[in-house]
*Asks:* 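Take this structure, written in structure tokens, and hold onto it; I'll ask about it next.
First the proteins, then the strands, lettered A, B, ... as listed; each starts at 1.
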Protein chains: 2
Amino acid sequence: MLHLLITPDIILLVVRDSIQILQAQGYKITKPRKQVLKALEETQEPLSPYDIQRILRQQGKYLNHVTIYRILDLFRRLNLAHRVLSSGGFVKCALRDKQGCHRLMVCRCCGALQEFIDDKLCQHESELAQNSGFHTEYHLSESSGICSDCYKKQ
Amino acid sequence: MLHLLITPDIILLVVRDSIQILQAQGYKITKPRKQVLKALEETQEPLSPYDIQRILRQQGKYLNHVTIYRILDLFRRLNLAHRVLSSGGFVKCALRDKQGCHRLMVCRCCGALQEFIDDKLCQHESELAQNSGFHTEYHLSESSGICSDCYKKQ
DNA sequence: GCTTAATTGCAACAATGTTGCATTTATTGA
DNA sequence: TCAATAAATGCAACATTGTTGCAATTAAGC
């Protein structure tokens, strides 16, 4: 899965996109924030705060773990990144819908993950909740299974 | 939400149900396992392993935290309990479907949660994943929002 | 009641997450 | 370009959560 070809150009583009969002909301564009953003961009797997610290350290960059926690928390609030529920790691949001719904497919063999959005699905799920009087604001969902690559190999 | 009237009788019933499942699979019915089961039964909110330790300690019962981790892990494998993804706490499974899908509604005001199952929804979500060649085994999903009680109060 | 395999407790440790406060830095406007 | 300042980071110290190996205990079956 994740056959996305992520060239340096594309990464730069997405990073710039996130930076604009930060700026627009009045947040400073600091070196640590750019570094965390870049680490998230360059890695497909979910990264825990300490994972990010390790990755950056290997590149000779040192960030205090407290700083990373605070940055990730900010990214999450701004919907620039989100936490993969089952593993606890952070990934950069690939898709952004207005409500902040996240749906992931996670391969239990290789760990690859892919994000998807589907309005109809959200609508259906919200209706079911509504039947119990529940007012849904957003959905988080993870489909666990096997990706096409791993399926072929078996 | 959670208007379920949990009388001591009912709790006993559900605990006994879980115990039978343990027994059927060849696991021993030990005092610690019964205590953890009871703690999960008597509490609606998700409980972390250390939460459970604190609750039991208040009742004069001491369990080593390692034991609790191992018991919860067993319960999870047997689908007797599952982890609430967003909070990390454990709840006893209210509903059990063959595949092990879990869908929760979590109120962001009062924290109340309610489990639900819907075959059609699972089917739809699986189909969407199938379009990317992904073979879904089970779904975990959480709807975040406001329960009817909290909604009225606003 | 024994036997024994499963389970628990313990110790020691590793990893993760939090708080308050001093220091540094990105932005703004003179 | 530089000073002012509010925001952001680093640091220290700590709290919580999670893991491993091994010895002691216990539930289940005879």
*Asks:* Side-chain contact, heavy-atom cut-off 4.5 Å: B:Gln130 with B:Phe134?
*Replies:* no
*Asks:* Which residues pass the ring-ring contact (aromatic ring centres under 6.0 Å, His included) test with B:His124, sequence neighbours left out?
*Replies:* none
*Asks:* Ion pair present between B:Glu125 and A:Arg103, side-chain N to carboxylate O less than 4.0 angstrom?
*Replies:* yes
*Asks:* Which residues pass the side chain to side chain donor-acceptor pair (under 3.5 Å) test with B:Asp118, sequence neighbours left out?
*Replies:* none
*Asks:* Roughly, in whole Å, what's the span from CG in B:Leu72 to C1' in C:dT7?
*Replies:* 15 Å
*Asks:* What is the distance, to the nearest angstrom, from the CG atom on A:Asp73 to the C1' atom on D:dA8?
*Replies:* 14 Å
*Asks:* Should B:His139 and B:Ser126 count as side-chain neighbours, where that means a heavy-atom distance under 4.5 Å?
*Replies:* yes
*Asks:* Which pairs would a plain distance check flag for residues 67-77 of chain B, meaning a side-chain donor or acceptor within less than 3.5 Å of a matching protein atom at least two apart in sequence or in another chain?
*Replies:*
{"residue": "B:Asp73", "atom": "OD1", "partner": "B:Arg76", "partner atom": "NH2", "Å": "2.7"}
{"residue": "B:Asp73", "atom": "OD2", "partner": "B:Arg77", "partner atom": "NH1", "Å": "3.0"}

*Asks:* ring-ring contact (aromatic ring centres under 6.0 Å, His included) with B:Tyr62: which residues, sequence neighbours excluded?
*Replies:* none
*Asks:* Rounded to the nearest Å, what distance is computed from the CG atom of residue B:Leu74 to the C1' atom of nucleotide C:dT8?
*Replies:* 13 Å
*Asks:* Would you mind reading off the distance between A:Tyr69 atom OH and D:dC14 atom P, rounded to a whole angstrom?
*Replies:* 19 Å
*Asks:* Return the residues of residues 48-59 of chain A meeting this criterion: a heavy atom under 4.0 Å from some atom of DNA chain C. Order them by number, or give none.
*Replies:* A:Pro49, A:Tyr50, A:Arg54
*Asks:* In degrees rounded to 10°, what angle is found between the helical axes fit to the five outermost pairs at each end of the helix from C:dG1-D:dC30 to C:dA30-D:dT1?
*Replies:* 40°
*Asks:* Below 3.5 Å between N/O atoms, which protein atoms pair up with nucleotides 9-11 of chain C? Just atom names and distances, please.
*Replies:*
{"residue": "C:dG9", "atom": "OP2", "partner": "B:Thr67", "partner atom": "OG1", "Å": "2.6"}
{"residue": "C:dG9", "atom": "N7", "partner": "B:Arg70", "partner atom": "NH2", "Å": "3.2"}
{"residue": "C:dG9", "atom": "O6", "partner": "B:Arg70", "partner atom": "NH2", "Å": "2.8"}

*Asks:* Supply the members, apart from A:Ile146, of the Ile/Leu/Val/Met/Phe/Trp/Tyr cluster built from side-chain contacts under 4.5 Å; use none for a lone residue.
*Replies:* A:Tyr151
*Asks:* Keeping the roles fixed (side chain from B:Gln53, backbone from B:Leu63), state whether a donor-acceptor pair exists under 3.5 Å.
*Replies:* yes
*Asks:* Expressed as a whole number of angstroms, how long is the span from A:Lys61:NZ to D:dT9:C1'?
*Replies:* 17 Å
*Asks:* Please list, pair by pair, any protein nitrogen or oxygen found under 3.5 Å from a nitrogen or oxygen in nucleotides 28-30 of chain D.
*Replies:*
{"residue": "D:dA28", "atom": "OP1", "partner": "B:Ile29", "partner atom": "N", "Å": "3.0"}

*Asks:* For A:Lys31 and D:dT9, what is the distance between atoms NZ and P respectively, to the nearest whole Å?
*Replies:* 12 Å
*Asks:* Could you tell me the separation between the NZ atom of B:Lys34 and the C1' atom of C:dT7, rounded to a whole number of Å?
*Replies:* 14 Å
*Asks:* Identify, with sequence neighbours excluded, every residue that meets ring-ring contact (aromatic ring centres under 6.0 Å, His included) alongside B:Tyr27.
*Replies:* none
*Asks:* Excluding sequence neighbours, so at least two apart, what forms salt bridge (Lys or Arg N to Asp or Glu O under 4.0 Å) with B:Arg57?
*Replies:* none
*Asks:* So, using side chain to side chain donor-acceptor pair (under 3.5 Å) as the criterion, who are the partners of B:Lys28 when residues are at least two apart?
*Replies:* none
*Asks:* Step by step, work out the ring-ring contact (aromatic ring centres under 6.0 Å, His included) result for A:His82 and A:Phe90.
*Replies:* CA-CA 6 Å; A:His82 65 96; A:Phe90 286 85; 8.8 Å; no
*Asks:* Rounded to the nearest angstrom, tell me the gap between atom CG in A:Leu47 and atom P in C:dA15.
*Replies:* 17 Å
